[in-house]
Peer 1: 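Below you'll find the structure I mean.
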Amino acid sequence: MSETISTVKKARVEYVDSMRGLCILMVSYFHSGISLFLAKYVSNICVHPFLFMAGYFYSRKLSFRENIIKKSRSTLAPYYFFGLVYYIIWLAAMAAPGKNIIAPLIAVLYMPTSSFPVESAIYFLPMMFFAIIIFCAIEKTVRSEPIRAILVIAITLAGNLWYHCTAVRLPLSLDTSMSVLIYVYLGYHGRTILGFIDAQLLKIKRRAVKIAIFLSVSLINFILIDISPIPNIRNGEWGIIPLSHLNTVMTMILWVYFFRWFDSLSSMKSVNRALQFIGKNSMIFMCFNHIGLTIAQFIAYRLPLPMFGCKLIHYVLSIVVVIPVVFVFNKTKLHLIFGK
């Protein structure tokens with residue numbers, strides 16, 4: 001992985017886009033209510049790889065100020081743009097008579113973990129911003145790696161316990177940002193971590209043994225997630241905190257090795273192209289997730305199908321109906337909302 005990703009400035013790493021694409025599919029799966037099947041697994045992984053990737057591609061060359069400007073442009077700017085647009089849509093078409101119209105506006109302005117109108121999934125954008133900026137502040141000011149690690153773990157633990165201990169949410173998803181800081185940090189050391197695993201795997205000559213190890217770790221991972229899932233990080237709720245983080249880290253590493261292999265399958269090129277399309281446009285899919293779900297729901301539950309069929313159509317359409325939006329953004333200056 002390290003050799004391939006070191007060339008990221010020259011060419012996109014396609015299997016990373018495939019991973020992003022699957023994350024978006026899992027976000028829609030989680031929000032669609034299609035089934036409780038695998039819901040624990042999905043909630044444990046659907047947004048965390050984005051934070052790991054942010055750490056992986058973090059540039060040490062940019063100053064703290066440059067990082068703030070860059071990340072504000074790519075996360076806070078689209079957050080406020082879409083947040084205010086969704087508030088206006090909600091106010092014009094969805095607000096019931098006598099409904100509190102100030103609470104959703106407050107949620108947009110600085111409290112996206114509360115009653116956010118229409119598209120609650122974009123709480124992810126300020127969460128991503130502050131997680132990266134907190135890590136950047138540590139990386140720029142603390143030179144000792146052990147002290148960096150201690151700070152990251154302490155801040156992550158504080159974020160995990162914050163809502164449980166105070167029942168108060170911090171502005172702009174800051175408590176959630178703190179609770180997932182460890183994933184940015186692990187991504188920052190991703191080349192070292194994956195390089196070490198690669199070196200151990202090279203010592204194993206038989207492919208069947210490698211497959212057996214992968215399947216065994218996957219089974220252990222699934223069992224541990226069943227014991228300690230993360231219901232929804234937006235809600236500030238956690239299971240057994242150390243185990244929850246271990247579960248997610250295990251899952252992300254398993255995903256890396258799965259998608260390296262999956263990306264090499266010629267028989268799966270069309271599937272990979274679809275995942276990569278979603279992955280490359282993951283921000284747009286995230287920002288229109290509930291819009292897609294709402295339109296798809298309106299169509300799906302008017303079809304003469306059994307309930308499961310309606311749910312399945314609801315889920316699939318929720319992705320499909322966003323695709324024209326992607327083309328509009330990519331073919332016009334609207335794509336500048338997300339920065340370069």
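Each residue takes its place number in the sequence, starting with 1.
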Peer 1: Using 0.5 Å steps for rounding, measure from the CD1 atom of I337 to the OH atom of Y79.
Peer 2: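 So the CD1 of I337 and the OH of Y79 are separated by 15.5 Å.
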Peer 1: Run the numbers on D198 and R260 for salt bridge (charged side-chain N to carboxylate O under 4.0 Å, His left out), then give the verdict.
Peer 2: CA-CA 12 Å; D198 284 344; R260 279 186 185 176; 3.1 Å; yes
Peer 1: Take V108 and Y86, measure what side-chain contact (heavy atoms from CB on, under 4.5 Å) needs, and give me the verdict at the end.
Peer 2: CA-CA 9 Å; V108 169; Y86 286 135; over 6 Å; no
Peer 1: Would you say L303 and L305 make side-chain contact, with heavy atoms under 4.5 Å?
Peer 2: yes
Peer 1: Salt bridge (charged side-chain N to carboxylate O under 4.0 Å, His left out) with R234: which residues, sequence neighbours excluded?
Peer 2: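 Partners of R234 under the salt bridge (charged side-chain N to carboxylate O under 4.0 Å, His left out) test: none.
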Peer 1: Counting only N and O atoms by type, is there a donor-acceptor contact under 3.5 Å from the side chain of N272 to the main-chain atoms of F262?
Peer 2: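 Side chain of N272 to backbone of F262: a pair is present.
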Peer 1: Apply side-chain contact (heavy atoms from CB on, under 4.5 Å) to residues I213 and I204 and explain how you reach the verdict.
Peer 2: CA-CA 10 Å; I213 291 171; I204 302 171; 3.5 Å; yes
Peer 1: About how many Å separate OG of S115 and CG of L105, when rounded to the nearest 0.5 Å?
Peer 2: 10.0 Å
Peer 1: Only one of F298, Y29, Y301 clears ring pair (Phe, Tyr, Trp, His ring centres under 6.0 Å) with H314; which?
Peer 2: Y301
Peer 1: Please check if the distance between the ring centroids of F327 and F277 is under 6.0 Å.
Peer 2: yes
Peer 1: Which heavy-atom pair separates M252 from Y183 by the least distance, and what is that distance?
Peer 2: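 For M252 and Y183, the tightest heavy-atom pair comes out as CE-CD2, 3.4 Å.
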Peer 1: Between S173 and T113, do the side chains contain a donor N or O and an acceptor N or O under 3.5 Å apart?
Peer 2: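 Distance-only check fails for T113 and S173.
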Peer 1: Are any non-hydrogen side-chain atoms of I278 and R20 less than 4.5 angstrom apart?
Peer 2: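 No - every pair of side-chain heavy atoms lies 4.5 Å or more apart.
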Peer 1: For Y110, does the OH atom sit with more than 12 other heavy atoms under 6.0 Å from it, leaving out its own atoms?
Peer 2: no
Peer 1: Taking N247 for its side chain and S228 for its backbone only, find out whether a donor-acceptor pair lies under 3.5 Å.
Peer 2: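 Present.
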Peer 1: Residues two or more places apart in sequence or in another chain: which of them pass side-chain hydrogen bond (donor to acceptor under 3.5 Å, both in side chains) with D226?
Peer 2: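 By the side-chain hydrogen bond (donor to acceptor under 3.5 Å, both in side chains) rule, D226 matches K40.
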Peer 1: Kindly list each side-chain donor-acceptor pair under 3.5 angstrom involving residues 118-130, sequence neighbours excluded, with atom names and distances?
Peer 2:
| from | atom 1 | to | atom 2 | distance (Å) |
| --- | --- | --- | --- | --- |
| E119 | OE1 | N289 | N | 2.9 |
| E119 | OE1 | H290 | N | 2.4 |
| E119 | OE1 | I291 | N | 3.3 |
| E119 | OE2 | H290 | N | 3.1 |
| E119 | OE2 | H290 | ND1 | 2.6 |

Peer 1: Kindly assign one of parallel, tilted or perpendicular to the pair H189 and Y185, based on the angle between their ring planes and the thresholds 30° and 60°.
Peer 2: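 The arrangement is perpendicular - the two ring planes meet at more than 60°.
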Peer 1: Please check if any side-chain donor atom of N330 sits under 3.5 Å from a side-chain acceptor atom of N281, or the reverse.
Peer 2: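 Present: a donor and an acceptor within the cut-off.
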Peer 1: Would you give the length of the straight line joining atom CZ of F258 to atom CG of D263, rounded to the nearest 0.5 angstrom?
Peer 2: 10.5 Å
Peer 1: Atom CH2 of residue position W90 - does it have more than 12 heavy atoms of other residues, nucleotides or ligands inside 6.0 Å?
Peer 2: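 Atom CH2 in W90 is packed in, count exceeds 12.
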Peer 1: Only counting residues at least two apart or in another chain, list the ones meeting side-chain hydrogen bond (donor to acceptor under 3.5 Å, both in side chains) with Q297.
Peer 2: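 side-chain hydrogen bond (donor to acceptor under 3.5 Å, both in side chains) list for Q297, sorted by chain: empty.
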Peer 1: What do you reckon, is NZ of K99 surrounded by more than 12 foreign heavy atoms closer than 6.0 Å?
Peer 2: no
Peer 1: Looking at D17 and R273, does any basic side-chain N land under 4.0 Å from a carboxylate oxygen?
Peer 2: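 So D17 does not pair with R273 through a salt bridge.
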Peer 1: Return the CG to CG distance between L186 and L194, rounded to the nearest 0.5 Å.
Peer 2: 10.5 Å
Peer 1: Using the side-chain hydrogen bond (donor to acceptor under 3.5 Å, both in side chains) criterion, which residues pair with T176? Sequence neighbours excluded.
Peer 2: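 Expected list: R169.
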Peer 1: Below 30° counts as parallel, above 60° as perpendicular, anything between as tilted: where do the rings of F338 and F329 land?
Peer 2: tilted
Peer 1: Nearest 0.5 Å please: distance from the CG atom of L62 over to the NZ atom of K71.
Peer 2: 8.5 Å
Peer 1: Can I233 be reached from I227 by stepping across I, L, V, M, F, W or Y side chains whose heavy atoms are under 4.5 Å apart?
Peer 2: yes
Peer 1: Less than 4.5 Å apart, any side-chain heavy atom of I155 and any of I138?
Peer 2: yes
Peer 1: Within a strict 4.5 Å, meaning less than it, do heavy atoms of the M111 and L172 side chains meet?
Peer 2: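 A side-chain contact under 4.5 Å is absent here.
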Peer 1: Can you classify the ring geometry of F82 versus F288 as parallel (below 30°), tilted (30 to 60°) or perpendicular (above 60°)?
Peer 2: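 If you compare the ring of F82 with that of F288, the planes turn out perpendicular.
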Peer 1: Just one of I132, V180, L181 clears the side-chain contact (heavy atoms from CB on, under 4.5 Å) bar with L51, so which one?
Peer 2: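 The side-chain contact (heavy atoms from CB on, under 4.5 Å) with L51 is passed solely by V180 among I132, V180, L181.
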Peer 1: With sequence neighbours left out, write down each residue that passes side-chain hydrogen bond (donor to acceptor under 3.5 Å, both in side chains) with R60, or none if nothing qualifies.
Peer 2: Y188
Peer 1: Taking the side chain as every heavy atom from C-beta outward, state whether E139 and Y58 have any atom pair closer than 4.5 Å.
Peer 2: yes
Peer 1: Hey, are the side chains of R65 and I69 touching, using non-hydrogen atoms and a 4.5 Å cut-off?
Peer 2: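 Yes - at least one pair of side-chain heavy atoms lies under 4.5 Å apart.
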Peer 1: Side-chain contact, heavy-atom cut-off 4.5 Å: M178 with N160?
Peer 2: no
Peer 1: Kindly give the heavy-atom pair with the smallest separation between C136 and N67, and that separation in Å.
Peer 2: SG-ND2, 3.4 Å
Peer 1: Strictly under 6.0 Å, is that where the ring centroids of H245 and W238 end up?
Peer 2: yes
Peer 1: From L317 CG over to S28 OG, what is the distance, rounded to the nearest 0.5 angstrom?
Peer 2: 11.5 Å
